[in-house]
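A short worksheet on the structure shown next.
Position 1 is the first residue of the sequence; numbering continues from there.
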Amino acid sequence: MILSRRSLFCAVCAFLWLTFSAWAAETRDLILVAGQSNAVGADANPTELPANDVDREVMFWWRTGDPPPDKHDSTSSRKWRNLQVQPLGNPKRPRDGKNRQWGNFSHPDGGFGPEIGIARTLMKRQPKRRLAIVKAAFSGTGIRRDWDPKSDTESGSCYRALLKETRDAIKAADAKGIELRIRALAWVQGESDANPANVEHYEKALNGLIAALRKDLNAPDMIALVAVNTRFGGGKNKFMPDIVAAQRAVGAADKRAAYVDTAKATIANNAHYDTKGTLYVGGLFADALLRMEGGD
């Protein structure tokens, strides 16, 4: 009887150990989504988003809003959720002339950015690879004005938010026994820098941001995919071609980076992609990632 109990005890212990080991060994690819309003998904209408069961399989952590990041943002409450539309949050309205406030999403039901198209495309093409997404995006932001890795003032506030959300998300996943491996950055930004004061600095600033992010997150092999709404300004902004050229140059000079051309994405207005356009852009990011990795 003593041997029987001991054997049973050992069997139970072995089972628990194996179960815990399998749980603790779970790994997921981590995609970062960042940038300004087209990364937020300002005009993507959640009521037009087709349902997809795969969303429940994707871990999602987010902070979106107006600059600088603050208590008014829409967030996942510092918890991992399933991939989903993000609520409006509590944006300050209207703008008071001093603060840059756009209300985050234009629809009362909230919205979504390219993260949903990215995830659905990757999960369809690579169903066996587990996926997690961290999104930190803020409308109307400029790369030097808000995303400066070297600044400890407001001009670096969005970059610091991206770092903090990513680090906190990785830590929270680790507490659940899930290891996250940073796979790629999907960057949608540049419209706010299409002006004479910033356009000439854009290429250097974008290169600097990517290099800093790889270093600060200890992710030297992170693929950087960069895009911008090429039709921003309705064809009247003469600096948009220069922003596109700068992004192309970044992609050409960095073997772990690529420019993603979104010129065929449908738009809601002269600033933002519409619902289908936002999903399409996400799919473009996923396709570009798979091409860079030599995938199918």
*asked:* Which residues pass the side-chain hydrogen bond (donor to acceptor under 3.5 Å, both in side chains) test with Lys164, not counting sequence neighbours?
replied: Asp168
_Atom of Ala119, atom of Leu131 and distance for their closest heavy-atom approach_ = CA-CD2, 3.7 Å
*Write down the atom of Met222, the atom of Leu32, and the distance for their closest heavy-atom approach.*
SD-CD1, 4.3 Å
*Mind checking what makes side-chain contact (heavy atoms from CB on, under 4.5 Å) contact with Leu49, not counting sequence neighbours?*
Val85, Phe112, Ile116, Arg120, Leu279
_For Asp254, side-chain hydrogen bond (donor to acceptor under 3.5 Å, both in side chains) partners two or more places apart_ = Arg214
*Can you tell me if Ser151 uses its side chain to pair, donor with acceptor, with the backbone of Thr153 under 3.5 Å?*
yes
*Can you tell me how far the OG1 atom of Thr121 sits from the CZ atom of Phe285, to the nearest 0.5 Å?*
12.0 Å
*Looking only at heavy atoms, which two atoms of Arg145 and Gly140 are closest? And how far apart?*
NH2-O, 3.0 Å
*Roughly how far, to the nearest 0.5 Å, is the CD1 atom of Ile118 from the CG atom of Leu225?*
8.0 Å
*Determine whether Thr166 and Leu217 make a side-chain contact, defined as any pair of heavy atoms from C-beta on separated by less than 4.5 Å.*
yes
*With sequence neighbours left out, what residues match Arg160 under salt bridge (charged side-chain N to carboxylate O under 4.0 Å, His left out)?*
none
_Those residues that, when tested against His72, pass side-chain contact (heavy atoms from CB on, under 4.5 Å) (two or more places apart)_ = Asp70, Asn90, Lys92
*asked:* A side-chain contact here means heavy atoms from C-beta on lying under 4.5 Å apart; do Leu290 and Gln126 qualify?
replied: yes
*asked:* Are the side chains of Glu115 and Phe60 in contact, using a 4.5 Å heavy-atom criterion?
replied: yes
*Is the shortest side-chain N to carboxylate O distance from Glu26 to Arg28 below 4.0 Å?*
yes
Show which side-chain atoms of residues 33-47 pair as donor or acceptor with protein atoms under 3.5 Å away, not counting sequence neighbours.
{"residue": "Gln36", "atom": "OE1", "partner": "Gln189", "partner atom": "NE2", "Å": "3.3"}
{"residue": "Gln36", "atom": "OE1", "partner": "Gly190", "partner atom": "N", "Å": "3.1"}
{"residue": "Gln36", "atom": "OE1", "partner": "Glu191", "partner atom": "N", "Å": "3.3"}
{"residue": "Gln36", "atom": "OE1", "partner": "Ser192", "partner atom": "N", "Å": "3.2"}
{"residue": "Gln36", "atom": "NE2", "partner": "Ser192", "partner atom": "OG", "Å": "2.9"}
{"residue": "Ser37", "atom": "OG", "partner": "His272", "partner atom": "NE2", "Å": "2.9"}
{"residue": "Asn38", "atom": "OD1", "partner": "Tyr273", "partner atom": "N", "Å": "3.0"}
{"residue": "Asn38", "atom": "ND2", "partner": "Glu191", "partner atom": "OE2", "Å": "3.0"}
{"residue": "Asn38", "atom": "ND2", "partner": "Ala271", "partner atom": "O", "Å": "2.9"}
{"residue": "Asp43", "atom": "OD1", "partner": "Ser106", "partner atom": "OG", "Å": "2.7"}
{"residue": "Asp43", "atom": "OD2", "partner": "Asn269", "partner atom": "ND2", "Å": "2.9"}
{"residue": "Asp43", "atom": "OD2", "partner": "His272", "partner atom": "ND1", "Å": "2.6"}
{"residue": "Asn45", "atom": "OD1", "partner": "Thr47", "partner atom": "N", "Å": "3.0"}
{"residue": "Asn45", "atom": "OD1", "partner": "Thr47", "partner atom": "OG1", "Å": "2.8"}
{"residue": "Asn45", "atom": "ND2", "partner": "Thr47", "partner atom": "OG1", "Å": "3.3"}

_Which residues share a side-chain contact (heavy atoms from CB on, under 4.5 Å) with Phe239, sequence neighbours left out_ = Ala194, Pro196, Val199, Asn237, Asp242
*Residues two or more places apart in sequence or in another chain: which of them pass salt bridge (charged side-chain N to carboxylate O under 4.0 Å, His left out) with Glu203?*
none
*Check whether the ring centres of Trp147 and Trp187 lie less than 6.0 Å apart, and answer yes or no.*
yes
*Donor-acceptor side-chain pairing of Asp146 and Tyr159 below 3.5 angstrom*: no
*asked:* Just to verify, what does Thr230 make a side-chain hydrogen bond (donor to acceptor under 3.5 Å, both in side chains) with, not counting sequence neighbours?
replied: none
*So, the side chain of Trp80 versus the backbone of Ala169: is there a donor-acceptor pair under 3.5 Å, distance only?*
yes
*Specify the closest pair of heavy atoms between Thr141 and Cys158, including all atoms of both residues, with the distance to one decimal.*
CG2-SG, 3.8 Å
*asked:* Looking at every heavy atom in both Asp66 and Phe138, which two are closest together, and how far apart are they?
replied: O-CD2, 4.3 Å
*Under 4.5 Å between any side-chain heavy atoms of Tyr202 and Ile143, yes or no?*
yes
*Give a yes or no answer on whether the side chain of Thr262 reaches the backbone of Ala265 with a donor-acceptor pair at less than 3.5 Å.*
no
*Asp287 versus Arg125, closest heavy-atom pair with distance*: OD1-NH1, 2.9 Å
*asked:* Do Ser74 and Gln86 make a side-chain contact, defined as non-hydrogen atoms from C-beta onward lying under 4.5 Å apart?
replied: yes
*Should we say atom CZ of Arg181 is surrounded by more than 12 heavy atoms from elsewhere, each under 6.0 Å from it?*
no
*Look at Asp221 together with Arg183 and state whether they make a salt bridge at an N to O cut-off of under 4.0 Å.*
no
*For residues 257-266, pull every pair meeting salt bridge (Lys or Arg N to Asp or Glu O under 4.0 Å), keeping only residues two or more places apart or in separate chains.*
Arg248-Asp261
*Could you go through the side chain to side chain contact (heavy atoms under 4.5 Å, CB included) check for Arg81 and Trp62 one step at a time?*
CA-CA 9 Å; Arg81 313 286 185 177; Trp62 76 86; 3.9 Å; yes
*Could you please spell out the steps behind the side chain to side chain contact (heavy atoms under 4.5 Å, CB included) verdict for Trp61 and Glu165?*
CA-CA 8 Å; Trp61 180 296; Glu165 296 301 323; 2.7 Å; yes
*Assess the side chains of Asn198 and Asn195: does a donor N or O sit below 3.5 Å from an acceptor N or O?*
yes
*Establish, from distance only, whether the side-chain atoms of Asp274 and Thr266 form a donor-acceptor pair under 3.5 Å.*
yes
*Sub-4.5 Å side-chain heavy-atom contact between Thr64 and Phe105*: yes
*Supply the atom-to-atom distance Lys150 NZ to Leu209 CG, rounded to the nearest 0.5 angstrom.*
11.5 Å
*Report the residues that fulfil side-chain hydrogen bond (donor to acceptor under 3.5 Å, both in side chains) with Arg231, sequence neighbours left out, ordered by chain and then residue number.*
none
*asked:* To the closest 0.5 Å, what do you measure between CG (Asn82) and CD (Glu57)?
replied: 9.5 Å
_Beyond-backbone contact of Ile178 with Met59, side-chain heavy atoms, under 4.5 angstrom_ = yes
*Go through the steps for Ile223 and Leu289 under the test side chain to side chain contact (heavy atoms under 4.5 Å, CB included), then give the verdict.*
CA-CA 8 Å; Ile223 291 175; Leu289 176 58; 3.6 Å; yes
*With Ala252, which residues qualify under side-chain contact (heavy atoms from CB on, under 4.5 Å), at least two apart?*
none
_Could you measure the distance from the OG1 atom of Thr27 to the CD atom of Glu179? Nearest 0.5 Å is fine._
6.0 Å
_Are the side chains of Leu163 and Leu213 in contact, using a 4.5 Å heavy-atom criterion?_
yes
_Separation between CE of Met123 and CG of Asp55, rounded to the nearest 0.5 Å_ = 9.5 Å
_For a side chain to side chain contact (heavy atoms under 4.5 Å, CB included) check, start with the C-alpha distance between Ile243 and Asp193, then their side-chain angles and the critical distance, and finish with the verdict._
CA-CA 8 Å; Ile243 294 294; Asp193 291 302; 4.0 Å; yes
